Protein chains: 2
Amino acid sequence: MSDLIQKCLDAGLSMTTARRAILRALENSEDHPDALMLHDRAKAYDPTIAQATVYRTMRLLEQEGLVEKHDFGNGRARYEEAEKEQHDHLINLSTGEIIEFHDTDLEALKIEIAKRLGFDLKDHRLELYGVPRE
Amino acid sequence: MSDLIQKCLDAGLSMTTARRAILRALENSEDHPDALMLHDRAKAYDPTIAQATVYRTMRLLEQEGLVEKHDFGNGRARYEEAEKEQHDHLINLSTGEIIEFHDTDLEALKIEIAKRLGFDLKDHRLELYGVPRE
DNA sequence: ACCATATTGATAATCGTTCGCAAGTAGGAA
DNA sequence: TTCCTACTTGCGAACGATTATCAATATGGT
């Protein structure tokens with residue numbers, strides 16, 4: 001239910017061995033991989049793929065709106081498939097694990113605050129950093 | 001009412017010409033300068049100061065908790081004096097201007113969400129990106 | 001199958017930031 | 001004050017993530 005290859009074709013992108021490999025690697029990723037991780041994983045489908053191709057492709061996918069790029073502060077950008085449902089991230093400081101969450105009140109409040117300051121909200125970034133309770 | 005030089009002395013840091021220059025530059029900054037901007041501004045007080053010294057000093061000040069480092073997504077880290085009052089940032093996409101705001105409900109909600117997910121909130125990052133209304 | 005165009009791999013370049021090192025201070029002891 | 005030692009500095013090299021360059025290769029419409 002997330003056929004990235006099909007979405008790329010729909011977007012008019014030509015489909016190459018390298019791209020297919022990256023798209024499969026991304027679809028099989030449950031976490032939020034960075035470019036190096038994606039490169040490693042994509043090698044399973046295309047052993048000769050180059051890092052530069054991964055970077056180029058991720059940039060392309062981001063521009064096409066098929067992928068979201070995040071910066072969780074560890075130097076490397078992290079990627080995930082663009083989802084329809086809005087969500088934010090909580091980073092477990094003990095493990096580095098990233099947890100997705102959604103809160104309607106929070107969404108409303110962000111828009112409300114921007115409005116109060118005289119702005120239309122175009123984008124936002126919310127990351128919570130925490131340690132397991134107790 | 002924000003004598004950074006005194007705070008540094010209180011923290012046991014030795015006070016050099018270069019550090020004094022950086023601290024003055026920072027105190028006189030109403031915006032959220034990056035390392036390059038601080039370097040330029042510090043030159044007014046110490047014309048021979050090096051970029052590396054600015055980077056080193058900002059890292060030190062951050063470790064001492066006297067300065068906060070932000071990444072607003074433009075490649076360069078931005079700095080501001082650590083304030084007692086918690087605040088978040090709204091970035092005006094039309095001008096690049098950064099507006100600080102505080103919202104009690106929002107603070108509470110962030111803690112509440114972390115708790116609901118089973119975490120104690122240790123840190124967080126919220127940035128709103130908007131354009132002036134209308 | 002053919003060809004113009006887009007894409008690739010390999011490598012150099014870029015940009016912010018950090019490191020290594022010799023020379024130069026700060027600031028406490030004498 | 002003068003000395004001394006550890007901390008700082010300025011400079012330039014090094015670094016890590018990402019992007020650009022470019023010749024060679026694949027794509028997909030014809």
Side-chain angles (χ1 to χ4, degrees), chain A residues 4-6 8-25 32-64 66-79 96, chain B residues 4-26 32-64 66-79 96:
Chain A
L4 273 176
I5 294 179
Q6 190 54 52
C8 284
L9 292 173
D10 292 347
L13 304 180
S14 57
M15 191 48 53
T16 66
T17 308
R19 278 187 191 164
R20 245 187 304 272
I22 294 167
L23 295 171
R24 283 188 193 154
H32 295 67
D34 60 40
L36 280 292
M37 294 162 80
L38 281 172
H39 182 216
D40 275 344
R41 295 175 192 179
K43 281 181 195 164
Y45 308 105
D46 177 2
T48 66
I49 194 171
Q51 279 189 28
T53 302
V54 176
Y55 278 111
R56 269 187 299 239
T57 303
M58 294 318 288
R59 185 149 46 109
L60 178 67
L61 295 177
E62 196 202 355
Q63 286 165 355
E64 293 292 334
L66 299 174
V67 148
E68 281 173 21
K69 183 180 184 179
H70 298 288
D71 169 19
F72 295 139
N74 296 332
R76 303 213 250 273
R78 313 282 291 266
Y79 299 94
Chain B
L4 272 177
I5 295 180
Q6 190 55 51
K7 286 181 186 168
C8 285
L9 293 173
D10 291 347
L13 305 179
S14 57
M15 192 47 54
T16 65
T17 307
R19 279 187 191 162
R20 245 188 305 271
I22 293 167
L23 295 171
R24 284 189 193 150
L26 188 56
H32 295 67
D34 60 39
L36 279 292
M37 295 162 81
L38 281 172
H39 182 215
D40 275 344
R41 294 174 193 180
K43 280 182 194 162
Y45 308 105
D46 178 2
T48 68
I49 193 169
Q51 278 189 30
T53 302
V54 176
Y55 279 112
R56 269 189 297 240
T57 302
M58 295 317 287
R59 184 150 46 111
L60 179 66
L61 296 177
E62 196 202 356
Q63 286 164 353
E64 293 292 334
L66 298 174
V67 148
E68 280 172 22
K69 183 180 183 178
H70 299 288
D71 169 19
F72 294 139
N74 296 332
R76 304 213 249 273
R78 313 282 291 265
Y79 299 93

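Convention: sequence-line order gives letters A, B, ...; per-chain numbering from 1. All of these numbers come straight from a predicted model, not from anything done at the bench.
The side chain of B:Arg19 contributes an N or O atom lying less than 4.0 Å from OP1 or OP2 of D:dT8.
Judged by distance alone, the side chain of A:His39 and the main-chain N or O of A:Tyr55 form no donor-acceptor pair under 3.5 Å. Using modelled atom types, one side-chain atom of A:Arg19 and one backbone atom of A:Ser14 make a donor-acceptor pair closer than 3.5 Å. A donor-acceptor pair under 3.5 Å is formed between the side chain of A:Arg78 and the backbone N or O of A:His32.
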Step-by-step side chain to side chain contact (heavy atoms under 4.5 Å, CB included) determination, B:Met58 to B:Leu26: CA-CA 10 Å; B:Met58 295 317 287; B:Leu26 188 56; 4.1 Å; yes
Stepwise side chain to side chain contact (heavy atoms under 4.5 Å, CB included) check, B:Leu36 with B:Asp40: CA-CA 6 Å; B:Leu36 279 292; B:Asp40 275 344; 5.8 Å; no
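Within residues 42-62 of chain B, the residues that place at least one heavy atom under 4.0 Å from DNA chain C are, in residue-number order, B:Ala52, B:Tyr55, B:Arg56, B:Arg59.
Among all heavy-atom pairs drawn from A:Ala42 and A:Ala25, the shortest one is N-CB, 3.8 Å. Contact between B:Val54 and B:Ala35 at its shortest, heavy atoms only, is CG1-O, 3.6 Å.
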Per-nucleotide protein contact string for nucleotides 22-30 of chain C, where B marks a base within reach and S marks sugar-phosphate only (heavy atoms under 4.0 Å, - for neither): ----SS---
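One atom, CG of A:Asp71, and another, P of C:dT17, lie 12 Å apart when rounded to the nearest Å. In this structure, the NE2 atom of B:His39 is 12 Å from the C1' atom of D:dT9, given to the nearest Å. A:Leu36 places its CG atom 13 Å from the P atom of D:dT19, with the value rounded to the nearest Å. Atom CG of B:Asn74 is separated from atom C1' of D:dA17 by 17 Å (rounded to the nearest Å).
For the pair B:Arg20/B:Asp46, no side-chain contact is recorded, criterion being any heavy-atom separation below 4.5 Å from C-beta on.
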